[in-house]
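Note sheet for the following structure.
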Amino acid sequence: GAWVSGLEKRLRALGVRILTGTRVGSFERRGETIQKIVLENGDAIEPDILVWTVPPVFFLHTAGIPFEASPPKFRTMGIIDFVFDGEVATDRVYICCYDPDMISFRITLYPNIEPDPRPNPPHHLTVEVFADDLDIEAQISKAKAELIEMGIVPANVKTLYSNHSV
């Protein structure tokens with residue numbers, strides 16, 4: 001959508017090289033450092049910084065790093081929309097949380113998508129959550145507590161509005 005195009009435009013303006021329609025074939029690494037990314041077509045990239053935006057299991061598998069994984073657990077996914085009276089405390093657009101003790105999975109921070117973020121409230125964000133049951137409404141306070149714990153919103157933030165869907 002429009003936010004993806006806007007983000008891509010901002011990244012390209014910063015000199016970021018974006019590749020689409022290609023797959024990573026393998027990695028060459030030295031210890032814990034990725035030295036080279038080899039694409040399936042044979043092209044190689046020596047990155048200054050590697051930003052991996054899919055679940056870590058795919059990176060570990062492609063990089064040949066051994067890991068233990070448990071079988072997937074099917075859970076209910078819900079969306080909680082928040083409107084807060086305070087600003088978000090990061091310039092990120094998306095944040096993915098892989099902490100198995102948290103219900104929050106992906107947070108979309110709408111004020112940071114806009115080219116000129118609002119200086120004044122309200123500030124809107126969405127939290128995609130995983131729950132063991134269909135009662136997403138009961139998870140609203142937990143999701144807010146996690147936003148505070150992760151430092152995304154300040155502890156004294158006031159919820160002006162919240163809504164949920166499954």
Side-chain angles (χ1 to χ4, degrees), residues 1-21 24 34 47-63 67-166:
W3 75 267
V4 173
S5 299
L7 179 60
E8 183 176 347
K9 184 178 177 181
R10 287 171 55 191
L11 290 169
R12 289 187 191 279
L14 293 170
V16 174
R17 180 178 168 205
I18 300 172
L19 300 174
T20 59
V24 173
I34 299 296
D48 295 322
I49 298 172
L50 173 63
V51 178
W52 190 263
T53 60
V54 295
V57 65
F58 298 119
F59 169 76
L60 295 170
H61 176 74
T62 305
F67 62 95
E68 291 183 29
S70 57
K73 178 181 178 184
F74 293 99
R75 302 175 80 190
T76 299
M77 205 258 326
I79 296 174
I80 302 173
D81 295 304
F82 286 104
V83 177
F84 293 120
D85 70 342
E87 292 185 38
V88 296
T90 178
D91 63 352
R92 303 291 187 251
V93 173
Y94 270 126
I95 296 173
C96 288
C97 175
Y98 296 106
D99 185 332
D101 295 327
M102 292 189 169
I103 62 168
S104 299
F105 171 64
R106 182 169 50 201
I107 300 114
T108 304
L109 301 122
Y110 295 102
N112 297 339
I113 294 173
E114 300 171 15
D116 298 313
R118 293 184 194 162
N120 300 312
H123 299 285
H124 176 232
L125 62 86
T126 297
V127 181
E128 294 173 48
V129 299
F130 288 121
D132 291 323
D133 59 43
L134 294 174
D135 191 6
I136 299 300
E137 183 175 12
Q139 305 299 328
I140 292 173
S141 61
K142 181 167 177 50
K144 180 180 176 183
E146 289 176 359
L147 292 169
I148 293 167
E149 182 181 345
M150 288 186 273
I152 295 170
V153 296
N156 64 347
V157 72
K158 187 176 190 180
T159 305
L160 302 176
Y161 170 84
S162 65
N163 194 12
H164 70 284
S165 59
V166 178

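Below, each value reflects all heavy atoms present in this structure, side chains not excepted, and no hydrogens, waters or symmetry copies. These numbers come from a predicted model, not from an experiment. One-based numbering along the sequence shown.
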Residues in side-chain contact (heavy atoms from CB on, under 4.5 Å) with I18, at least two apart? E8, L11, R12, V16, T20

Sorted by chain and residue number, the salt bridge (charged side-chain N to carboxylate O under 4.0 Å, His left out) partners of R92 (sequence neighbours excluded) come out as none

side-chain contact (heavy atoms from CB on, under 4.5 Å) with F130: which residues, sequence neighbours excluded? R75, M77, F105

Write out all pairs satisfying salt bridge (Lys or Arg N to Asp or Glu O under 4.0 Å) with one or both partners inside residues 101-111, taking only residues at least two apart or from two chains. R106-E128

Set of salt bridge (charged side-chain N to carboxylate O under 4.0 Å, His left out) partners for K9, sequence neighbours left out: none

Once side-chain hydrogen bond (donor to acceptor under 3.5 Å, both in side chains) is applied, do any residues pair with N163, and if so which ones, sequence neighbours excluded? Y161

How long is the straight-line distance from CZ of F59 back to CD1 of I34, given to the nearest 0.5 Å? 4.0 Å

Sequence neighbours excluded, the answer for ring-ring contact (aromatic ring centres under 6.0 Å, His included) partners of F58 is none

Run through L125, V93, V153 and flag the one making a side-chain contact (heavy atoms from CB on, under 4.5 Å) with L109. L125

Point-to-point distance, once rounded to the nearest 0.5 Å, from NE2 of H124 to CZ of F82: 10.0 Å

Donor-acceptor pairs under 3.5 angstrom involving side-chain atoms of residues 138-152: please list them, not counting sequence neighbours.
residue	atom	partner	partner atom	Å
K142	NZ	E146	OE2	3.4
K144	NZ	V157	O	3.3
K144	NZ	T159	OG1	3.0
E146	OE1	I103	N	3.3
E146	OE1	S104	N	2.9
E146	OE1	S104	OG	2.5
E146	OE2	I103	N	2.9

In this structure, CD1 of I79 is separated from NE2 of H164 (nearest 0.5 Å) by 11.5 Å

